Amino acid sequence: MKNSAVDCDDGADTSIDPFFHILRILPYSFLRPPRLRLKVPTLTLPSPMTVYTLIVLTYFMVVSGIVYDVIVEPPGIGSTQDRLTGSVRPVVFMTGRVNGQYIIEGLTSGFMFVLGGIGIVLLDLALDHNRAKSIRISFASAGISSVVIAYVMSMLFVRIKIPGYLRG
C-alpha cells in the first residue's frame with residue numbers, strides 16, 4: 001500500500017497542469033549561471049598573546065564593576081566636608097557600603113586583581129627551564145613583587161572600605 005504523502009514532494013510531479021511543467025522547465029533551459037571566480041575568505045586565528053590580552057581586559061572589566069557603573073551611574077569620586085575647617089576634600093572609597101562603589105574605587109580594585117593575576121603568570125614563566133637564569137630571576141622577582149603589592153593593597157582597600165573588619 002503506497003502512501004501518497006510520502007511518495008510525492010509538494011505535488012510537483014503529480015500535477016496535471018501543462019503550463020506548470022512548461023514554466024518549470026522553459027526558463028531554465030536557456031539560462032546559464034555565470035562563471036564566478038570567487039575566493040573563499042580565509043580566517044586566521046589570532047595569536048595567543050592577543051587572546052590572552054582580550055581575556056585579561058575582559059577580566060579587568062568584570063572585576064572592576066563596569067556593568068555596575070553603567071547601570072547605577074555612580075559618581076567618579078566622592079567628597080566629604082571636613083568638620084574642623086569646613087573644606088571639601090575628595091573621597092575615593094564609599095566607606096561602610098559593601099555593595100556600592102565609586103568609579104575610581106572599582107578601577108583601582110580591578111587593577112590590583114589584574115596585577116596579582118599577572119604576577120602569578122610571571123611566576124609561572126619563571127619556572128621555564130629553557131630560559132636564561134637571569135630572565136627567570138627577573139620573572140620571579142617581578143611576579144613575587146606583583147603578587148605582594150596586589151595583596152597588600154587589596155587588604156588596605158578592604159580596611160578602608162569596611163573599618164574594623166580585619167582588625168584582630
Side-chain angles (χ1 to χ4, degrees), residues 5-6 9-10 33-168:
V6 174
D9 54 345
D10 297 335
R35 291 186 179 189
L36 298 177
R37 293 183 182 163
L38 298 176
K39 293 182 180 178
V40 178
T42 58
L43 297 175
T44 59
L45 292 176
S47 69
M49 198 62 193
T50 304
V51 173
Y52 176 73
T53 304
L54 288 175
I55 289 173
V56 167
L57 288 175
T58 304
Y59 177 72
F60 172 73
M61 289 181 11
V62 167
V63 299
S64 293
I66 298 292
V67 175
Y68 172 83
D69 292 341
V70 168
I71 292 172
V72 178
E73 295 179 3
I77 194 165
S79 62
T80 185
Q81 189 171 12
D82 193 5
R83 292 182 190 178
L84 299 175
T85 63
S87 63
V88 177
R89 59 187 181 103
V91 176
V92 178
F93 291 95
M94 271 190 196
T95 307
R97 284 195 56 201
V98 180
N99 57 351
Q101 72 178 20
Y102 295 123
I103 293 175
I104 297 297
E105 176 184 353
L107 293 176
T108 54
S109 298
F111 177 74
M112 288 302 137
F113 291 144
V114 169
L115 182 66
I118 289 175
I120 291 173
V121 169
L122 290 173
L123 287 173
D124 181 56
L125 289 174
L127 295 176
D128 188 11
H129 293 291
N130 294 331
R131 299 184 192 274
K133 187 173 182 178
S134 62
I135 294 176
R136 289 185 6 216
I137 291 172
S138 299
F139 279 152
S141 60
I144 289 171
S145 62
S146 295
V147 169
V148 168
I149 289 171
Y151 177 76
V152 169
M153 293 303 290
S154 295
M155 289 299 108
L156 177 67
F157 291 169
V158 170
R159 283 192 203 111
I160 293 171
K161 184 85 171 159
I162 310 168
Y165 179 70
L166 293 175
R167 308 221 193 274

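Residues: numbered from 1 along the sequence shown. Everything numeric here is computed off the predicted structure, so don't read it as measured data.
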Self-check item: Closest non-hydrogen atom pair, S79 against V88
Solution: CB-CG1, 3.7 Å

Exercise. Output the distance between atom CD (E105) and atom CD1 (I77), rounded to the nearest 0.5 Å.
Key: 10.5 Å

Quiz item: Sub-3.5 Å donor-acceptor pair from the side chain of Q101 to the main-chain atoms of L107, do we have one?
Solution: no

Self-check item: Nearest heavy-atom neighbours spanning A126 and A140
Solution: CB-N, 3.6 Å

Quiz prompt | F157 atom CZ, over 12 foreign heavy atoms within 6.0 Å | solution = yes

Quiz item: Got a sec: does the OH of Y52 have more than 12 other heavy atoms crowding it under 6.0 Å?
Solution: yes

Quiz item: Roughly how far apart are F93 CZ and L156 CG, rounded to 0.5 Å?
Solution: 7.0 Å

Practice problem: Could you tell me whether the side chain of K161 and the main chain of G96 form a donor-acceptor pair under 3.5 Å? | Solution: no

Practice problem: Verify side-chain contact (heavy atoms from CB on, under 4.5 Å) between Y102 and V92, making sure each step is shown before the conclusion. | Solution: CA-CA 7 Å; Y102 295 123; V92 178; 5.8 Å; no

Self-check item: Distance in Å, S154 OG paired with I149 CD1, rounded so as to fall on 0.5 Å steps
Solution: 11.5 Å

Exercise. Look at atom CG of L43 and say whether more than 12 heavy atoms of other residues, nucleotides or ligands are closer to it than 6.0 Å.
Key: no

Self-check item: side-chain contact (heavy atoms from CB on, under 4.5 Å) between T53 and L57, worked out
Solution: CA-CA 6 Å; T53 304; L57 288 175; 4.2 Å; yes

Exercise. Answer whether the closest heavy-atom distance between the side chains of I55 and V51 falls below 4.5 Å.
Key: yes

Exercise. Working to the nearest 0.5 Å, report the span between CZ of R97 and CD1 of I162.
Key: 12.5 Å

Quiz item: To the nearest 0.5 Å, how far apart are CE in M94 and CG in N99?
Solution: 9.5 Å

Quiz prompt | I118/S146 under side-chain contact (heavy atoms from CB on, under 4.5 Å): CA gap, chis, key distance, verdict | solution = CA-CA 7 Å; I118 289 175; S146 295; 5.6 Å; no

Quiz prompt | Minimum-distance pair of heavy atoms, taken over all atoms of T95 and P163 | solution = CG2-CG, 3.5 Å

Quiz item: In Å and rounded to the nearest 0.5 Å, what is the CG to OG1 distance from L45 to T50?
Solution: 11.0 Å

Exercise. Tell me, yes or no, whether the heavy-atom count around F60 atom CZ, taken from other residues, nucleotides or ligands under 6.0 Å, exceeds 12.
Key: yes

Quiz prompt | Nearest non-hydrogen partners of P74 and Y68, listed with the distance | solution = CG-CE2, 4.1 Å

Quiz item: Any idea which heavy atoms bring S64 and G110 closest together, and the distance?
Solution: OG-CA, 3.5 Å

Quiz item: How close do R131 and L125 get, heavy atom to heavy atom, and via which atoms?
Solution: NH2-CD2, 3.6 Å

